[in-house]
Amino acid sequence: MTDLQEEGKNAINAPMSPTPIDLHPEDTLLEENEERTMIDPNSKEETKFKELVKVLIDWINEVLVEERIIVKNLEEDLYDGQVLQKLLETLGSRKLNVAEVTQSEIGQKQKLQTVLEAVQELLRPQGWAIRWNVDSVHGKNLVAILHLLVALAMHFRAPIRLPEHVCVQVVVVKKREGLLQTAHVTEELTTTTEMMMGKFERDAFDTLFDHAPDKLSVVKKSLITFVNKHLNKLNLEVTELETQFADGVYLVLLMGLLEGYFVPLHNFYLTPEGFEQKVHNVAFSFELMQDGGLKKPKARPEDIVNLDLKSTLRVLYNLFTKYKHLD
């Protein structure tokens, strides 16, 4: 062990190592040309990094509350694939063909392989860069695990707000000609929410907003005409798409009108107070849309409540596409 630590010190003092860094003995057990990465301890103490880890842990625990799974440490709790399996199954409403409990390293890696292949299948159409693999996750590489969780949170439109522009200093250790060499690399874990979501959401509305504001006003007028044609039956009138659907009430009532049923008042808040009641209403209207045969809206309920016009237009346009021929 003393020889290993001495080898580590020599590497740190080598010309390629820009700054001294304490290495754990296990991080010096490398084969020739093998490489290992770890987060600089100073980066782990930065506020944004801590916030990112906390937000992701809280999100996982919220998603898996029915499974009675509590995650406390991302590296220790996710490396064997068990939690990732449950997370993907719950978020994706699908069952993966894997063994429930695996103690052996080979069994864990096989499970991870299946889970990560399913993740890649989900993310490939959006062109998301895959910056993790079985070995890095099973090796408890926190950077890889964070990249994976950020991608999943964005893909499934998690109702969370990730801190933007989170970067960490990563120490890369490599054994070359019997000596350990270290280098520091800056790793970007998050950019802006808009850019990250953009991997999934680029569509006709993005083009309208970016390049054709004149046509956007025509679309808005068409949608206002469409919703009023039905809401007028209840003596309701929409003039502002940006604000009048934000509490979810009109969305719920509109779905009842389009599908021809009365929505029981105990199922939603007719005069919602506060953010949570509004989110409840919008989420309930999404359920009604899915019951009516529409796909789950891309937008999050929180986006509608937060007056995100693009999200509101997407939801209304889907309704317009399906129900425009109704009287």
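Reckoned from all heavy atoms, side chains included, excluding hydrogens, waters and symmetry mates. Position 1 is the first residue of the sequence; numbering continues from there.
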Enquirer: Test side-chain contact (heavy atoms from CB on, under 4.5 Å) on Leu84 and Leu88; report intermediate values, then the result.
Expert: CA-CA 6 Å; Leu84 285 172; Leu88 191 59; over 6 Å; no
Enquirer: Under 4.0 Å between a side-chain nitrogen and a carboxylate oxygen: does that hold for Lys140 and Glu76?
Expert: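 Salt bridge flag = yes for Glu76 with Lys140.
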Enquirer: If you measure from NE2 on His147 to OG1 on Thr190, what distance do you get to the nearest 0.5 Å?
Expert: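 Atom-to-atom, His147:NE2 and Thr190:OG1 are 10.0 Å apart.
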Enquirer: Side chains of Asn141 and Trp132: does their closest heavy-atom pair fall under 4.5 Å?
Expert: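 Heavy-atom side-chain distance check fails, nothing below 4.5 Å.
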Enquirer: Just verifying a value: how many Å separate Asn61 CG and Leu56 CG, rounded to the nearest 0.5 Å?
Expert: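 One gets 11.0 Å once the value is rounded to the nearest 0.5 Å.
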Enquirer: Has Asn281 got a side-chain atom pairing as donor or acceptor with Tyr269's backbone, closer than 3.5 angstrom?
Expert: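 It does hold such a pair.
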Enquirer: Is it true that Glu273 and Lys278 make a salt bridge, defined as a side-chain N closer than 4.0 Å to a carboxylate O?
Expert: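 Salt bridge flag = no for Lys278 with Glu273.
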Enquirer: Look at atom CD1 of Ile70 and say whether more than 12 heavy atoms of other residues, nucleotides or ligands are closer to it than 6.0 Å.
Expert: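 Count not over threshold, so no.
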Enquirer: Looking at every heavy atom in both Val249 and Pro272, which two are closest together, and how far apart are they?
Expert: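 Heavy atoms only, the tightest pair is CG2-CD, 3.7 Å.
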Enquirer: Nearest 0.5 Å, what's the CZ-CZ distance between Phe320 and Phe226?
Expert: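 Going from the CZ atom of Phe320 to the CZ atom of Phe226 covers 7.0 Å.
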Enquirer: Taking NZ in Lys54 as the centre, count heavy atoms belonging to other residues, nucleotides or ligands within less than 6.0 Å. Is the count above 12?
Expert: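 Count not over threshold, so no.
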Enquirer: Under 4.5 Å between side-chain heavy atoms, counting indirect links through other Ile/Leu/Val/Met/Phe/Trp/Tyr residues: same cluster for Leu149 and Val166 or not?
Expert: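 Leu149 and Val166: one cluster.
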Enquirer: Any side-chain heavy-atom pair from Phe49 and Leu189 closer than 4.5 angstrom?
Expert: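 Yes, their side chains come closer than 4.5 Å.
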Enquirer: Mind checking whether Met289 and Pro297 have side chains closer than 4.5 Å, heavy atoms only?
Expert: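 When only atoms from C-beta onward are counted, Pro297 and Met289 do touch, with a gap below 4.5 Å.
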Enquirer: Inspect the contact between Lys109 and Glu105 and indicate whether a charged nitrogen and a carboxylate oxygen are less than 4.0 angstrom apart.
Expert: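 The answer is yes: the pair qualifies as a salt bridge.
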Enquirer: For Leu265, is the CG atom crowded, meaning more than 12 foreign heavy atoms sit under 6.0 Å from it?
Expert: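 Above 12, so yes.
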Enquirer: What is the distance from atom CG of Asn97 to atom NZ of Lys111, rounded to the nearest 0.5 Å?
Expert: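 It comes to 11.5 Å.
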Enquirer: Shortest non-hydrogen contact from Tyr323 to Gly292?
Expert: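 Reported closest heavy-atom pair: OH-O, 4.2 Å.
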Enquirer: Tell me, yes or no, whether the heavy-atom count around Glu62 atom CD, taken from other residues, nucleotides or ligands under 6.0 Å, exceeds 12.
Expert: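 Result for CD/Glu62: open.
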Enquirer: Give me the atom names and distance for the closest heavy-atom approach of His230 to Leu254.
Expert: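 Distance-wise, the nearest heavy atoms are CB-CD1, 3.9 Å.
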Enquirer: Just how far is it from atom CD of Glu89 to atom CG of Leu96, taken to the nearest 0.5 Å?
Expert: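 One finds 4.5 Å between CD of Glu89 and CG of Leu96.
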Enquirer: Okay, side chain of Asn228, backbone of Glu237: is any donor-acceptor separation there less than 3.5 Å?
Expert: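 Here the side-chain-to-backbone pair does not exist.
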Enquirer: Is a side-chain donor or acceptor of Asp77 paired with a backbone partner of Lys72 at a separation under 3.5 angstrom?
Expert: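 A pair under 3.5 Å: yes.
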Enquirer: Set out, in order, the CA-CA distance, both residues' side-chain angles and the distance that settles side-chain contact (heavy atoms from CB on, under 4.5 Å) for Leu319 and Leu294, then state yes or no.
Expert: CA-CA 8 Å; Leu319 296 181; Leu294 287 162; 3.5 Å; yes
Enquirer: Could you see if Val238 belongs to whatever hydrophobic cluster contains Val218? Use Ile, Leu, Val, Met, Phe, Trp, Tyr and a side-chain cutoff under 4.5 Å.
Expert: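 In one cluster: no.
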Enquirer: Main chain of Gln181, side chain of Lys175: is a donor-acceptor contact present, judged purely on distance under 3.5 Å?
Expert: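 Checking the backbone N and O of Gln181 against the side chain of Lys175, no donor-acceptor pair under 3.5 Å is found.
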Enquirer: Given side chains that start at C-beta, do those of Met255 and Val263 come closer than 4.5 Å, heavy atoms only?
Expert: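 No, their side chains stay 4.5 Å or more apart.
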Enquirer: Apply side-chain contact (heavy atoms from CB on, under 4.5 Å) to the pair Val305 and Asp247, showing each step before the final yes or no.
Expert: CA-CA 6 Å; Val305 177; Asp247 63 5; over 6 Å; no
Enquirer: Distance-only, no hydrogens or angles: does the Thr312 side chain make a donor-acceptor pair with backbone N or O of Asp308 under 3.5 Å?
Expert: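 Yes.
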Enquirer: Is a donor from one side chain sitting under 3.5 angstrom from an acceptor on the other, for Thr239 and Gln244?
Expert: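 The answer is yes; a qualifying pair exists.
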Enquirer: Can the ring centroids of His280 and Phe268 be said to lie less than 6.0 angstrom from one another?
Expert: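 No: the rings miss the under 6.0 Å criterion.
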Enquirer: Start with the C-alpha distance between Asn318 and Thr321, add both sets of side-chain angles, then the distance that settles side-chain hydrogen bond (donor to acceptor under 3.5 Å, both in side chains), and finish with yes or no.
Expert: CA-CA 5 Å; Asn318 282 346; Thr321 302; 5.2 Å; no
Enquirer: Side-chain contact test, heavy atoms from C-beta onward, threshold under 4.5 Å: evaluate it for Val282 versus Leu251 and give yes or no.
Expert: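 Yes; the side chains approach each other to less than 4.5 Å.
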Enquirer: Applying a strict under-4.5 Å side-chain criterion to I, L, V, M, F, W and Y, I'd like to know whether Val252 and Phe275 cluster together.
Expert: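 They do share one cluster, since a chain of ILVMFWY contacts under 4.5 Å joins Val252 to Phe275.
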Enquirer: Go through the steps to decide whether Val71 and Leu78 satisfy the test side-chain contact (heavy atoms from CB on, under 4.5 Å), and finish with yes or no.
Expert: CA-CA 8 Å; Val71 169; Leu78 269 65; 4.0 Å; yes
Enquirer: Using a 4.5 Å cut-off on heavy atoms from C-beta on, say whether the side chain of Ile224 contacts that of Leu241.
Expert: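 Result yes, sub-4.5 Å side-chain heavy-atom pair found.
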Enquirer: For the residue pair Glu242 and Leu307, establish whether any side-chain heavy-atom pair is separated by less than 4.5 Å.
Expert: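 Glu242 vs Leu307: side chains apart.
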Enquirer: Can you see which heavy atom on Glu75 is nearest to which on Ile145, and at what distance?
Expert: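 Of all heavy-atom pairs spanning Glu75 and Ile145, the closest is CA-CD1, 4.0 Å.
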Enquirer: State, to 0.1 Å, how close Thr271 and Gln277 come at their nearest heavy-atom pair, and which atoms those are.
Expert: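 In this case the closest contact between Thr271 and Gln277 is O-OE1, 4.3 Å.
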Enquirer: Is there a path from Tyr79 to Val134 through hydrophobic residues (I, L, V, M, F, W, Y) whose side chains come within less than 4.5 Å of each other?
Expert: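 Not linked; separate clusters.
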Enquirer: How close do Val173 and Thr182 get, heavy atom to heavy atom, and via which atoms?
Expert: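 Smallest heavy-atom distance, with atoms named: CG2-CG2, 4.0 Å.
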Enquirer: Going by heavy atoms in the side chains, are Leu116 and Gln120 under 4.5 Å from each other?
Expert: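 The answer is no, as the side chains (C-beta and beyond) never meet within the 4.5 Å cut-off.
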Enquirer: What's the spacing between Leu316 CG and Lys220 NZ if we round to 0.5 Å?
Expert: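 NZ of Lys220 is found 11.5 Å from CG of Leu316.
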Enquirer: Can you tell me if Glu187 uses its side chain to pair, donor with acceptor, with the backbone of Gln169 under 3.5 Å?
Expert: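 Answer holds: no.
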Enquirer: Would you say the side-chain atoms of Lys295 and Gln290 include a donor-acceptor pair closer than 3.5 Å?
Expert: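 On atom types as modelled, these side chains do not qualify, holding no pair under 3.5 Å.
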Enquirer: Looking at Asn232 and Asn235, would you say the former's side chain and the latter's main chain have a donor-acceptor pair under 3.5 Å?
Expert: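 Checked: no pair found.
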Enquirer: Can any side-chain N or O of Ser43 pair as donor or acceptor with the backbone N or O of Ile39 at less than 3.5 Å?
Expert: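 No; judged by distance alone, with no hydrogens or angles, the pair does not exist.
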Enquirer: Is it the case that one hydrophobic cluster holds both Ile160 and Leu148, taking links as side-chain heavy atoms less than 4.5 Å apart, direct or via other members?
Expert: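 Same hydrophobic cluster.
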Enquirer: How about NZ on Lys221, more than 12 heavy atoms from neighbouring residues, nucleotides or ligands closer than 6.0 Å, or not?
Expert: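 At most 12 heavy atoms, drawn from other residues, nucleotides or ligands, come within 6.0 Å of this atom.
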